[in-house]
Amino acid sequence: MGTKINTTLFQGALILTLASLLSKLLSAVYRVPFQNMVGDEGFYIFQQAYPFYGISMTLSLTAAPLFISKVVAEYNGDYNAQRWFLERSKRYLGVLGFVLFIALFIAAPWLANTMGDPSLTGIIRVTSVTYLLLPYLGSYRGFYQGDNDMTPTAVSQAVEQVVRVAIIIVGAYIGVYVLDVSLYHVGELAMSGAIIGGAAGAIILAVFDKKAPWFTADTYNATGKPPVTTWNLAGHVCRDYNECFTDLVSNGRCFSNFSFVSC
């Protein structure tokens with residue numbers, strides 16, 4: 001049994017590593033043709049909004065899945081309990097994603113002015129839409145990782161990045177050579193790749209979920225008490241924060257025993 005678990009963990013680490021390498025490679029490759037089309041100014045516009053997308057990507061690829069996977073792993077063998085927590089996680093992440101979307105969308109003009117370029121408002125608002133995908137990308141990735149199945153996370157990440165990079169290149173080409181719009185609008189077209197890519201990743205996760213046994217949130221409630229209450233979740237957050245801080249100081253990684261992604 002121990003050998004089987006170690007083999008599964010090794011395969012999961014390998015799959016996630018390959019997906020991460022592909023993402024890094026794509027992120028490096030697209031920059032050259034993109035900058036050649038939009039020039040230094042266009043590349044500057046895109047890069048100014050990129051940190052907001054980076055936060056969204058971190059939440060959906062690392063932070064939320066890491067926490068959810070730990071809780072799901074604690075209920076290994078109790079499928080209904082795991083699914084109950086998945087449904088609850090989607091609700092909480094849905095609220096968080098919506099709040100972040102509204103906050104960034106409304107604050108976009110102020111942020112753009114603070115950054116010294118009011119014309120960045122549009123691209124920042126485009127980036128804000130990616131937070132609406134958090135409940136789907138974060139919860140399902142965490143659910144499958146907690147069940148030691150890294151394939152859905154890896155495949156969805158790879159598809160998300162391939163689609164995103166493709167839209168960046170195609171959007172830049174259309175904006176510059178076909179529509180002949182301003183570079184700020186070209187940046188908005190390119191950044192829409194993050195939304196479309198995220199949606200593609202969510203669809204991939206939904207396809208994987210269709211293969212899972214049928215489940216409704218009432219199934220577990222009809223057979224017993226919920227496995228995790230809101231106060232339990234708050235306790236998990238506080239405990240995991242302390243563990244992450246300790247692990248980060250000691251090893252330079254968060255949850256080095258549970259995750260293959262550094263903080």
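Within the 4.5 Å cutoff, the side chain of Met37 has heavy atoms near those of the Tyr177 side chain. Side-chain contact between Leu104 and Leu111 is present, with at least one heavy-atom pair separated by less than 4.5 Å. Within the 4.5 Å cutoff, no side-chain heavy atoms of Val72 are placed close to those of Leu86. Ser156 has its side chain out of reach of Leu137: every pair of non-hydrogen atoms, C-beta onward, lies at least 4.5 Å apart. Side chains of Tyr144 and Asp209 form a contact here, defined as non-hydrogen atoms less than 4.5 Å apart. Here the side chains of Phe208 and Asp149 are not in contact, with every heavy-atom distance at 4.5 Å or above.
For Phe52, the CZ atom is densely surrounded, since the number of other residues' heavy atoms within 6.0 Å is greater than 12.
When all heavy atoms are compared, the tightest approach of Pro51 to Gln48 is CD-O, 3.5 Å. When all heavy atoms of Ser20 and Gln157 are compared, the pair lying nearest together is CA-NE2, 3.8 Å. Scanning all heavy atoms of the two residues, the minimum distance from Pro118 to Asn113 falls at CG-OD1, 3.1 Å. In terms of heavy-atom proximity, Ala172 sits nearest to Val186 at CA-CG1, 3.9 Å. Nearest heavy atoms, Gly171 versus Leu189: O-CD1, 3.8 Å. Shortest non-hydrogen contact noted between Ala112 and Thr121 is CB-OG1, 3.5 Å.
In this structure, Leu21 is not a member of the same hydrophobic cluster as Val165, with clusters built from ILVMFWY side-chain heavy atoms closer than 4.5 Å. The hydrophobic clustering, which links ILVMFWY residues whose side-chain heavy atoms are closer than 4.5 Å, places Tyr136 and Leu96 apart. Transitive grouping of hydrophobic side chains (ILVMFWY, heavy atoms separated by less than 4.5 Å) brings Val170 and Ile167 into a common cluster. In the hydrophobic cluster analysis, where Ile, Leu, Val, Met, Phe, Trp and Tyr join through side-chain heavy atoms closer than 4.5 angstrom, Ile45 is grouped together with Met115. No continuous path of hydrophobic side-chain contacts links Leu134 to Val99 [ILVMFWY only; heavy atoms under 4.5 Å].
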Between Phe46 and Gln35, is a side-chain contact (heavy atoms from CB on, under 4.5 Å) present by the stated rule, with each step listed?
CA-CA 10 Å; Phe46 185 81; Gln35 188 167 9; over 6 Å; no
Checking side-chain contact (heavy atoms from CB on, under 4.5 Å) for the pair Val38/Tyr44: CA distance, chi angles, key distance, verdict?
CA-CA 9 Å; Val38 301; Tyr44 147 81; over 6 Å; no
Intermediate values then yes/no, side-chain contact (heavy atoms from CB on, under 4.5 Å), Ile102 and Ile106:
CA-CA 6 Å; Ile102 292 296; Ile106 294 176; 3.5 Å; yes
Applying side-chain contact (heavy atoms from CB on, under 4.5 Å) to Leu100 and Ile55, what does each step give before you reach the verdict?
CA-CA 11 Å; Leu100 292 175; Ile55 295 173; over 6 Å; no
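For residues 125-134, every residue pair satisfying the side-chain hydrogen bond (donor to acceptor under 3.5 Å, both in side chains) rule, not counting sequence neighbours, is listed here: Ser56-Thr130. Sorted by first then second residue, the salt bridge (Lys or Arg N to Asp or Glu O under 4.0 Å) pairs that include residues 154-174, not counting sequence neighbours, are Arg141-Glu160.
Checked against side chain to side chain donor-acceptor pair (under 3.5 Å), Asp180 has no partners two or more places apart in sequence or in another chain. Judged as a side-chain contact (heavy atoms from CB on, under 4.5 Å), and not counting sequence neighbours, the contacts of Val32 are Asn36. With sequence neighbours excluded, no residue forms a side chain to side chain donor-acceptor pair (under 3.5 Å) with Ser119.
Note that CD of Glu74 is 11.0 Å distant from CD of Gln82, once rounded to the nearest 0.5 Å. In this structure, Tyr140 OH and Ser60 OG are separated by 15.0 Å, a value rounded to the nearest 0.5 Å. Separating the CD1 atom in Ile68 from the CZ atom in Phe85 is a distance of 5.5 Å, to the nearest 0.5 Å. Atom OG1 of Thr153 is separated from atom CG of Leu61 by 7.5 Å, given to the nearest 0.5 angstrom. Rounding to the nearest 0.5 Å places CD1 of Ile196 at 10.5 Å from CD1 of Ile168. We find the CG-CD1 distance between Asp117 and Ile123 to be 10.5 Å, quoted to the nearest 0.5 Å.
Counting side-chain heavy-atom gaps under 4.5 Å among Ile, Leu, Val, Met, Phe, Trp and Tyr, the cluster of Val29 also holds Leu25.
Taking the six-membered ring for Trp and the full ring otherwise, Tyr50 and Tyr53 have centroids separated by under 6.0 Å.
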